[in-house]
There are 2 protein chains.
Amino acid sequence: MLNESYNQYSFILDRTARKVKQYAQTAFAEQQFDLTVDQWIVLRTIYENPSLSNKEMAELCGKDQPTLTRIIDLLIKKEFAERISHPSDRRSLRLHITKKGEDKIQEIAPKVADFRMQAWKNLNEEDFAHFTRILNTIYDNLTQK
Amino acid sequence: MLNESYNQYSFILDRTARKVKQYAQTAFAEQQFDLTVDQWIVLRTIYENPSLSNKEMAELCGKDQPTLTRIIDLLIKKEFAERISHPSDRRSLRLHITKKGEDKIQEIAPKVADFRMQAWKNLNEEDFAHFTRILNTIYDNLTQK
DNA sequence: TAACAATAATTAGTGTGACAAATATAATTA
DNA sequence: TAATTATATTTGTCACACTAATTATTGTTA
C-alpha cells in the first residue's frame, strides 16, 4: 500500500473544492443566470473594484492573467463588462462593468448568497476559524517568499 | 459591498486546492516524471485496485467518467496502463497497470511523498482532524442522499 | 422474439488552469 | 536618439471538469 495519509488530504481538498464549484454551477444553470461561477466572481470583483488593470484584477481574483483575459472576453461578449484603454499607457487598459452588468449583479447576488449557504451548514464560527487558518497555512507553505 | 464572508470561504478553498495541485505539478515537471498529477493519482489507484471497470475506477478516483476515459487514454499512450475487455460483458472493460507502469510507481512514489509533505508543514494532528471533518462536512452538505 | 429500456463507455463542446511564447508599447541606457 | 530592456496583454497549447449526446451492448417486457 502506497497510500500515505498525505495523499488523502490532497484528495479531500481537491474533491471538496470541485464539489463546491460544481454545486454552485448547477444552481447558476438551473436559474439561468447566463454566467459561469468564475465569470460571476470576476464580474463581482470588477463591480467592487472598478477601473483596475487586467493584471491587478487577475491578482484580486486569484487567477492568472491569461485566464482572466479569456473570462473578460466572455463577459464582454455578453455585454456585462468593457475594456477602456488607459489614457497615458497604451499597453494598459481599465476594466469596467456596464449597466447591464450592474443589473445582473443586483439581480442575482442575493440568490447566490442564498444557495451558497448550503455548503456551510452544520459548521460553526469556530470551524470557520479553523478552516481559514488551516487552508491559509497550507497556501503559505507552498508560496515562496 | 456584496462581499459576504461565505464567498470568501469558497475563494480560499479554491485557491488552496489549486495551489496544492500546482505545487505538485511543478515538482513533477522538474523531476521529469512524465506524468501529470492527475495521471499519477489514476495510475496509483489502478495499481492499488486492479481490474476495476471505468465506472468503478472513476468513482474511486473522484473523477467523472469522461475525464477518467481521457486520462486513461494518456496513460495507455505512455504504456503505463491497458484496457482489458470483460469476458462476459462486451460493453465493459477492466483497467490494468503494465510492468512499465509498476516500475514508474516504484520509482516516483517515495519522491512524491517527499515533496507532498511540504504542504502540511506547521500543522498538527489536531489540525488534520479538523481539516478532514470540516471538508467532509462541506462535501456531504452538497451531496444528495 | 421484436421492441423498448437500461447500462458502459466514449465523443463532442465549452470553460477554466497553467505555462510559454508572441505582440505592442513604454522605460532605460549607451 | 537608437538599441536594449521591461511591462501589459494576448495568443497558443495541453490537460482537466462538467454536461449532453452517441455508440455498442445487454436486459426486460409485450
Side-chain angles (χ1 to χ4, degrees), chain A residues 11 14-30 32-43 52-59 61-78 83-95 142, chain B residues 10-11 14-30 33-43 52-59 61-78 83-95 142:
Chain A
F11 177 79
D14 195 56
R15 175 176 90 149
T16 306
R18 274 189 287 119
K19 178 65 82 175
V20 168
K21 184 181 250 181
Q22 186 203 351
Y23 180 83
Q25 188 56 61
T26 300
F28 272 49
E30 274 172 0
Q32 299 179 301
F33 285 172
D34 188 27
L35 283 175
T36 67
V37 173
D38 293 284
Q39 287 161 22
W40 162 248
I41 291 169
V42 171
L43 187 61
L52 296 186
S53 70
N54 193 298
K55 182 188 167 79
E56 293 162 333
M57 201 66 76
E59 174 71 21
C61 295
K63 300 186 178 299
D64 64 6
Q65 287 196 55
T67 298
L68 188 66
T69 291
R70 284 171 179 124
I71 292 176
I72 299 285
D73 286 344
L74 293 171
L75 288 176
I76 288 176
K77 191 182 295 175
K78 293 175 183 175
R83 293 190 181 97
I84 313 276
S85 58
H86 189 283
S88 68
D89 185 343
R90 287 202 295 169
R91 291 170 307 182
S92 193
L93 51 84
R94 298 289 168 241
L95 300 175
L142 303 181
Chain B
S10 304
F11 178 80
D14 194 56
R15 175 176 91 148
T16 306
R18 275 189 286 120
K19 176 67 83 176
V20 168
K21 182 180 255 182
Q22 186 202 351
Y23 179 84
Q25 188 56 59
T26 300
F28 272 50
E30 274 172 1
F33 286 172
D34 188 28
L35 284 175
T36 66
V37 173
D38 294 285
Q39 287 162 22
W40 162 249
I41 290 168
V42 171
L43 187 62
L52 296 186
S53 70
N54 193 297
K55 183 186 165 79
E56 292 162 334
M57 200 67 75
E59 174 70 22
C61 296
K63 300 188 176 300
D64 54 79
Q65 286 198 56
T67 297
L68 188 65
T69 291
R70 284 179 177 116
I71 292 177
I72 299 285
D73 285 344
L74 293 170
L75 289 176
I76 288 176
K77 193 182 294 177
K78 293 175 183 175
R83 293 189 180 98
I84 313 275
S85 58
H86 190 283
S88 68
D89 186 343
R90 288 202 292 172
R91 289 170 308 182
S92 192
L93 50 84
R94 297 290 168 239
L95 300 174
L142 304 182

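Predicted model only: the values in this text are computed from it and were never measured. The figures here come from the full heavy-atom set of this structure, side chains too, leaving out hydrogens, waters and symmetry mates.
Annotation: side chain to side chain contact (heavy atoms under 4.5 Å, CB included) contacts of A:Glu59 (sequence neighbours excluded): none. For A:Arg91, the salt bridge (Lys or Arg N to Asp or Glu O under 4.0 Å) criterion is met by A:Asp89, not counting sequence neighbours. Here B:Leu52 pairs with B:Asn49, B:Glu56, B:Met57, B:Leu60 under the side chain to side chain contact (heavy atoms under 4.5 Å, CB included) rule; sequence neighbours left out. Remark: B:Asp34 pairs with no residue by the side-chain hydrogen bond (donor to acceptor under 3.5 Å, both in side chains) rule, at least two apart or across chains. Qualifying salt bridge (Lys or Arg N to Asp or Glu O under 4.0 Å) partners for B:Arg83, counting only residues two or more places apart in sequence or in other chains: B:Asp73. Every residue meeting the side-chain hydrogen bond (donor to acceptor under 3.5 Å, both in side chains) condition with B:Asp38, not counting sequence neighbours, appears here in chain and number order: B:Lys21, B:Lys63. Applying the side chain to side chain contact (heavy atoms under 4.5 Å, CB included) rule to B:Ala27 yields the partners B:Phe115; only residues at least two apart in sequence or on another chain are considered. In terms of the side chain to side chain contact (heavy atoms under 4.5 Å, CB included) criterion, residue partners of B:Gln39 (sequence neighbours excluded) are, by chain and number, B:Leu35, B:Thr36, B:Ile71, B:Leu74, B:Leu75, B:Lys78. B:Arg15 meets the salt bridge (Lys or Arg N to Asp or Glu O under 4.0 Å) test with no other residue; sequence neighbours excluded.
We find that CG of B:Asn54 is positioned 11 Å from P of C:dT11, with the value rounded to whole Å. Protein atom CG of A:Asp64 is 12 Å distant from nucleotide atom C1' of D:dT10, rounded to whole Å. B:Leu43 places its CG atom 16 Å from the P atom of D:dA15, with the value rounded to the nearest Å. As rounded to whole Å, 17 Å separates atom C1' of D:dC18 from atom CZ of A:Arg15. Summarising the geometry, the separation between CD on B:Gln39 and P on D:dC14 is reported as 14 Å, rounded to the nearest angstrom. Look at NE2 on A:His86: it is 16 Å from P on D:dT7, rounded to the nearest Å. Taking atom CG on A:Leu95 and atom P on D:dA8, their separation rounds to 14 Å, with Å as the unit. Whole-Å rounding puts the B:Leu35 CG to D:dC16 P distance at 10 Å.
In this structure, B:Asp38 reaches the sugar-phosphate backbone alone: every heavy-atom distance under 4.0 Å involves primed, P, OP1 or OP2 atoms, never a base. Residue contacts for B:Arg83: at a heavy-atom cut-off of 4.0 Å it reaches the sugar-phosphate backbone alone, with no base atom in range. At a threshold of 4.0 angstrom between heavy atoms, the contacts of B:Thr67 include nucleobase atoms, whether or not backbone atoms are also involved. Residue B:Gln22 is classed as a sugar-phosphate contact, given heavy-atom separations below 4.0 Å to backbone atoms only.
Note on the helix from C:dT1-D:dA30 to C:dA30-D:dT1: terminal axis deviation equals 10°, with five pairs used at each end and the result rounded to 10°.
The heavy-atom pair separating B:Ser92 from B:Arg94 by the smallest distance is OG-NH1, 3.6 Å.
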Inset, instruction - Assign a letter to each nucleotide of nucleotides 23-28 of chain C from its 5' end: B, base within under 4.0 Å of a protein heavy atom; S, sugar-phosphate only; -, no contact. - result: -BBS--
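Listed nucleotides C:dC19, C:dT10, C:dG17 differ in distance to A:Lys21; the shortest reach to its side chain belongs to C:dG17. Relative to the side chain of A:Lys55, the nucleotides D:dC16, C:dT10, D:dA8 differ in distance, and D:dA8 lies closest.
Along DNA chain D, the nucleotide nearest to A:Thr26 and the one nearest to A:Ser53 differ in position, and the one closer to the 5' end is contacted by A:Ser53. Residue whose closest nucleotide on DNA chain C sits further toward the 5' end, between A:Val37 and B:Gln25: A:Val37. Comparing B:Leu68 and B:Asp14 by the nucleotide of DNA chain C whose heavy atom lies nearest to each, the residue mapping closer to the 5' end is B:Leu68.
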Inset, instruction - Kindly indicate, with the supporting measurements, whether the criterion side chain to side chain contact (heavy atoms under 4.5 Å, CB included) is fulfilled by B:Phe33 and B:Trp40. - result: CA-CA 9 Å; B:Phe33 286 172; B:Trp40 162 249; over 6 Å; no
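Note on A:Ser92: a side-chain N or O is less than 4.0 Å away from OP1 or OP2 of D:dT9. A sub-4.0 Å separation between OP1 or OP2 of C:dT11 and a side-chain N or O of B:Gln65 is absent. OP1 or OP2 of C:dT16 has at least one side-chain nitrogen or oxygen of A:Thr36 nearer than 4.0 Å. Listed pair A:Lys63 / C:dG17 meets the phosphate criterion, a side-chain N or O lying under 4.0 Å from OP1 or OP2.
For DNA chain D, the residues of residues 69-76 of chain B within the heavy-atom distance limit of 4.0 Å (strictly under) are B:Arg70, B:Ile71, B:Leu74, sorted by number.
Note: B:Leu68 CG to B:Ile41 CD1 = 11.5 Å, rounded to the nearest 0.5 Å.
Contact of the A:Ile72 side chain with the A:Val42 side chain is registered, since non-hydrogen atoms from C-beta on lie closer than 4.5 Å.
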